[in-house]
Novice: 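The structure is given below, and queries will be raised subsequently.
Residue numbering restarts at 1 for every chain, and letters A, B, ... go by the order of the sequence lines. Since this is a predicted model, take the numbers as computed values, not measurements.
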Amino acid sequence: MDPTLLVLGALALSSAAATVAGCAEDLESDVGSQSNPNSQVQLAPQMGNIHRYFNKAISGEPVSYGLYVTVAGTVAWALMNIGMNVLLALVIGSAIGAFVHGAYAVSAYFGRIVGQSKSFGQPVYLDIVLSHLGPIVGHGFIAVFCMVLAAYLAVTMLGNPFPLPLVSLILGITVGAIGSSTGDVHYGAEREYQKYPFGGGVPVANQGDIDIKAEVGIRNGMDSSYFCSKLGGPLTGLTFGLIIFLDGWRSLVGGILGNALRGDIVIKSIIAIVVGIIIVAVAACLNRLVEVYARKKYGPYTDR
Amino acid sequence: MSHGGGGHAAELYPENQIIALGTLLAILGMYISQFFPQVSMLLGGLLASAATVAGANTTRKVAAYGLGTGVPSIGMLSLGMGIIAAVAGIFLVNALVKHFHVDPIVLYFIPIVGTIIAVILGYVVGRLTVNPIGMKIPIMVESMTKLSLMGALSILGFCSAYAGGFLPEIIIPGAIKNGVMALAFIAAGMAILHPFNACLGPDESHKRTLLLAVACGFLTWFIFAVARLEVISTVVSLVLWALAYREFIKQSLKDACAVYYTPELPKRET
């Protein structure tokens, strides 16, 4: 088969994996209130809001996902070296990554809650630990598996020169960064501050004054994840998938056009860079249009 | 509450004692990995986790001056300095022997050279954070030096445990070129930054943080044992991790103001 077609297929598969990984990663971080929204959950008891959120303070998402995906990638790489089936090795590696994730998640909840328990009267909810651990580890497993798959494809099919553990680290940090930057917007400012008007940001005076009541009963992390699974998670996945796809596509186009022009590696790279600049310019214009449209339609940014 | 992050609670053991013990054990672990490669993961990995415990203890001390948002950055900075020192130690000695024809016996001083480079690098970075950057933390220089040292020792320790020695011809193909050093960077980094990052708060206690640090160290050891596909080390590290982790959970439940199993909010006394 034509090698360009194979590379295109691998690129499509790794982008699809990245899309699923981004979505799962964002929903997982919402269950546990990781990264940005976490500081508000942490502040809540000090503001008198006793809550039932899962406080999963395992550094930021980039660092923690860097760890899980690297663990999965290294174990899978070691298993492949002794001749194990690729898919099985990836699954076992991801399982080890998920175990590490669970161990860190539970210790973060106990540590953070007990760290301010006596001063502010925040109790430890064991049912929260038990009920939230499954979704956290499960979503984490999906995200880690997809990222290790993408890393494996990058090393074997897409010509990435680095070893699998290193590529896993880079891709893990990337998925965490996208999940944090794109996904947290939907959870942090919107969901935790639902009682305040939308679009006003979070003034310092309101910090820590998060919603502790849900549609029914007392709110927990699962309600947040349910809320974010409508828009926040899929959008995060789409963003990350597009990043992986467009970045790969750009160098692929450079290669194909460069071959057509009979150019060397420099010509190919220049074409790839120019295509990248065009993509960034188009994306910036689109972002601006969407922002203006959203402000006009929803924002309270009228004449004050 | 002058220090939002806590961490100035009474110390169980003085910091310098833990640092000295961590340094000694980690260096001992590297020599065991070198001279007894059959047990490099079992003993070398165990002793390398002593460095992460000591690093986590120093993180607790220095990060207590912040609000808790900077703890992961401090951990990453520690490992950033550490990985530079570790790689520089290995390659510097290697170059001395290869290109300047120094006696090959100096190869056996790689852990010591790495330690010295880490201390110098940490001191320089600490001075830089105080002078041009202007961070007003009194123990900054001292803590940066210790963190750099612990980062370098944990990376060198786990890498030589994985590769089965620290000599350049063993560790460069066995842990650096194949990318396992990336795992040492992130896994040891998490073991150094996570204990205090998880336990901070006004009711933080040294005992809980240390217990979690020990558990995280064993977990890092477990990760390396699995990645090396070694059954005995995997089982031993998992058992030790479970013991430390259970102790941490027990202590947490004991220190909590209340433990609930049902969705109810506590009644307000006011």
Side-chain angles (χ1 to χ4, degrees), chain A residues 39 42 46 48 50-52 57-60 63-64 66-67 70-71 73-75 77-79 81-82 93 96 99-100 103-104 106-128 130 162-170 172-173 212 217-218 220, chain B residues 1 6 67-69 71-73 75-76 177-183 185-187 189-190 193-205 208-209 212 215-216 219 222-224 226-229 241 245 248-249 251-266 268-269:
Chain A
S39 46
Q42 174 74 13
Q46 310 186 17
I50 304 301
H51 63 82
R52 272 169 56 79
I58 318 175
S59 76
V63 178
S64 57
L67 173 72
T70 316
V71 169
T74 314
V75 173
W77 166 82
L79 288 173
N81 279 351
I82 58 163
I96 302 284
F99 168 74
V100 172
Y104 272 108
V106 173
S107 66
Y109 178 81
F110 276 107
R112 279 284 173 106
I113 297 292
V114 177
Q116 52 180 353
S117 178
K118 282 205 173 121
S119 298
F120 303 110
Q122 168 72 42
V124 170
Y125 288 105
L126 276 181
D127 62 317
I128 286 288
L130 294 178
F162 297 108
L164 185 58
L166 201 59
V167 178
S168 310
L169 173 66
I170 303 293
I173 290 175
I212 52 170
I218 310 166
N220 58 31
Chain B
M1 199 171 65
L67 286 169
T69 43
V71 187
S73 325
M76 285 293 108
K177 276 200 177 151
N178 57 15
V180 171
M181 206 173 220
L183 181 64
F185 174 79
I186 197 86
M190 281 294 274
L193 72 88
H194 180 69
F196 183 67
N197 188 45
C199 292
L200 60 82
D203 298 331
E204 192 262 358
S205 89
R208 261 184 290 125
T209 308
L212 186 55
C216 286
L219 190 63
F222 164 76
I223 292 169
F224 273 90
V226 173
R228 205 175 179 221
L229 309 177
W241 167 79
Y245 202 73
F248 166 74
I249 301 277
Q251 189 62 36
S252 296
L253 293 178
K254 210 159 87 184
D255 290 351
C257 70
V259 179
Y260 289 173
Y261 295 86
T262 46
E264 55 174 326
L265 294 176
R268 295 277 171 88
E269 281 106 31

Novice: Among A/G93, A/G73, A/P163, who wins on heavy-atom pairs under 4.5 Å with chain B?
Specialist: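 Winner by heavy-atom pair count: A/P163.
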
Novice: Any idea which heavy atoms bring A/A103 and B/L219 closest together, and the distance?
Specialist: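 Smallest interatomic distance, heavy atoms only, reads CB-CD2, 4.0 Å.
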
Novice: Which heavy-atom pair separates B/P72 from A/G60 by the least distance, and what is that distance?
Specialist: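 It is CG-N, 4.5 Å.
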
Novice: Counting only heavy atoms closer than 4.5 Å, note whether A/S168 contacts chain B via side chain, backbone, both or neither.
Specialist: neither

Novice: Can you tell me which portion of B/L229 sits under 4.5 Å from chain A's heavy atoms? Options are side chain, backbone, both or neither.
Specialist: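 Contact with chain A involves the side chain of B/L229 alone.
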
Novice: Would you find a donor on one side and an acceptor on the other, under 3.5 Å apart, between the side chain of A/Y109 and the backbone of A/Y125?
Specialist: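 Yes; judged by distance alone, with no hydrogens or angles, the pair exists.
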
Novice: Between B/S73 and chain A, which part of the residue has a heavy atom less than 4.5 Å away: side chain, backbone, both or neither?
Specialist: neither

Novice: Counting only non-hydrogen atoms closer than 4.5 Å, does A/I82 touch chain B with its backbone (N, CA, C, O), its side chain (CB onward), both, or neither?
Specialist: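 Looking at A/I82, just its side chain touches chain B.
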
Novice: Side chain, backbone, both or neither: which part of A/Q122 has a heavy atom under 4.5 Å from chain B?
Specialist: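 A/Q122 touches chain B through backbone heavy atoms alone.
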
Novice: Just verifying a value: how many Å separate A/T74 OG1 and B/L183 CG, rounded to the nearest 0.5 Å?
Specialist: 4.0 Å

Novice: For A/L169, is it the side chain, the backbone, both, or neither that has a heavy atom closer than 4.5 Å to a heavy atom of chain B?
Specialist: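 The answer is the side chain of A/L169.
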
Novice: Return the option, out of A/Q116, A/K118, A/H51, with the maximum number of heavy-atom pairs under 4.5 Å with chain B.
Specialist: A/K118

Novice: Looking only at non-hydrogen atoms, find the nearest pair between A/L126 and A/F110 and report the distance.
Specialist: CD2-CZ, 3.6 Å

Novice: Do you know which of A/G217, A/G121, A/P165 has the most heavy-atom pairs under 4.5 Å to chain B?
Specialist: A/P165

Novice: Main chain of A/I128, side chain of A/N220: is a donor-acceptor contact present, judged purely on distance under 3.5 Å?
Specialist: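 No.
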
Novice: Which bit of B/M76 is near chain A, if near means a heavy-atom gap under 4.5 Å: side chain, backbone, both or neither?
Specialist: side chain

Novice: Please classify the contact between A/V106 and chain B as side chain, backbone, both or neither, with a heavy-atom cut-off of under 4.5 Å.
Specialist: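 Contact with chain B is through both the backbone and side chain of A/V106.
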
Novice: If I measure from the heavy atoms of chain A, does B/Y261 come under 4.5 Å with its side chain, its backbone, both, or neither?
Specialist: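 Contact with chain A is through both the backbone and side chain of B/Y261.
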
Novice: Measuring heavy-atom distances to chain A, does B/L212 have an atom under 4.5 Å in its side chain, in its backbone, in both, or in neither?
Specialist: side chain

Novice: Write down the atom of A/Q42, the atom of A/Q46, and the distance for their closest heavy-atom approach.
Specialist: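 Reported closest heavy-atom pair: O-NE2, 4.1 Å.
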
Novice: Under 6.0 Å between ring centres: does that hold for B/F248 and B/W241?
Specialist: no

Novice: What are the two closest heavy atoms between B/A227 and A/A78, and how far apart are they?
Specialist: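 Residues B/A227 and A/A78, closest heavy atoms: O-CB, 3.1 Å.
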
Novice: Hey, which of B/G179, B/A256, B/C257, B/A182 has the most heavy atom pairs under 4.5 Å with chain A?
Specialist: B/C257

Novice: Quick check for you: among B/L193, B/T209, B/V226, which has the greatest number of heavy-atom pairs under 4.5 Å with chain A?
Specialist: B/V226

Novice: Among all residues two or more places apart in sequence or in another chain, which pass the side-chain hydrogen bond (donor to acceptor under 3.5 Å, both in side chains) test with A/S59?
Specialist: none

Novice: Compare every heavy atom of A/I58 with every heavy atom of A/S64, then report the nearest pair and how far apart it is.
Specialist: CB-O, 3.6 Å

Novice: Chain A heavy atoms under 4.5 Å from B/F222: which part of the residue, side chain, backbone, both or neither?
Specialist: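 Answer is side chain: those atoms of B/F222 sit under 4.5 Å from chain A.
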
Novice: Under the side-chain hydrogen bond (donor to acceptor under 3.5 Å, both in side chains) test, which residues partner A/S107, sequence neighbours left out?
Specialist: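 A/S107 satisfies side-chain hydrogen bond (donor to acceptor under 3.5 Å, both in side chains) with B/H194 only.
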
Novice: So what's closer than 4.5 Å to chain B heavy atoms on A/F162: side chain, backbone, both or neither?
Specialist: neither

Novice: Determine the option with the most heavy-atom pairs under 4.5 angstrom with chain B, choosing from A/V63, A/V75, A/L67.
Specialist: A/L67

Novice: Measure A/I218 against the heavy atoms of chain B and call it side chain, backbone, both or neither at under 4.5 Å.
Specialist: side chain

Novice: Do you know which of A/L166, A/V124, A/L130 has the most heavy-atom pairs with chain B at a distance under 4.5 angstrom?
Specialist: A/V124

Novice: Can A/S119 and B/D203 be counted as having a side-chain donor-acceptor contact under 3.5 angstrom?
Specialist: yes

Novice: If you count heavy-atom pairs under 4.5 Å with chain A, which of B/R208, B/M181, B/K177, B/R228 comes out on top?
Specialist: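 Most pairs with chain A among the choices: B/R208.
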
Novice: Just give me the residue among A/D127, A/I96, A/L79 that pairs up with chain B most often, heavy atom to heavy atom, under 4.5 Å.
Specialist: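 Maximum pair count with chain B is reached by A/D127.
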
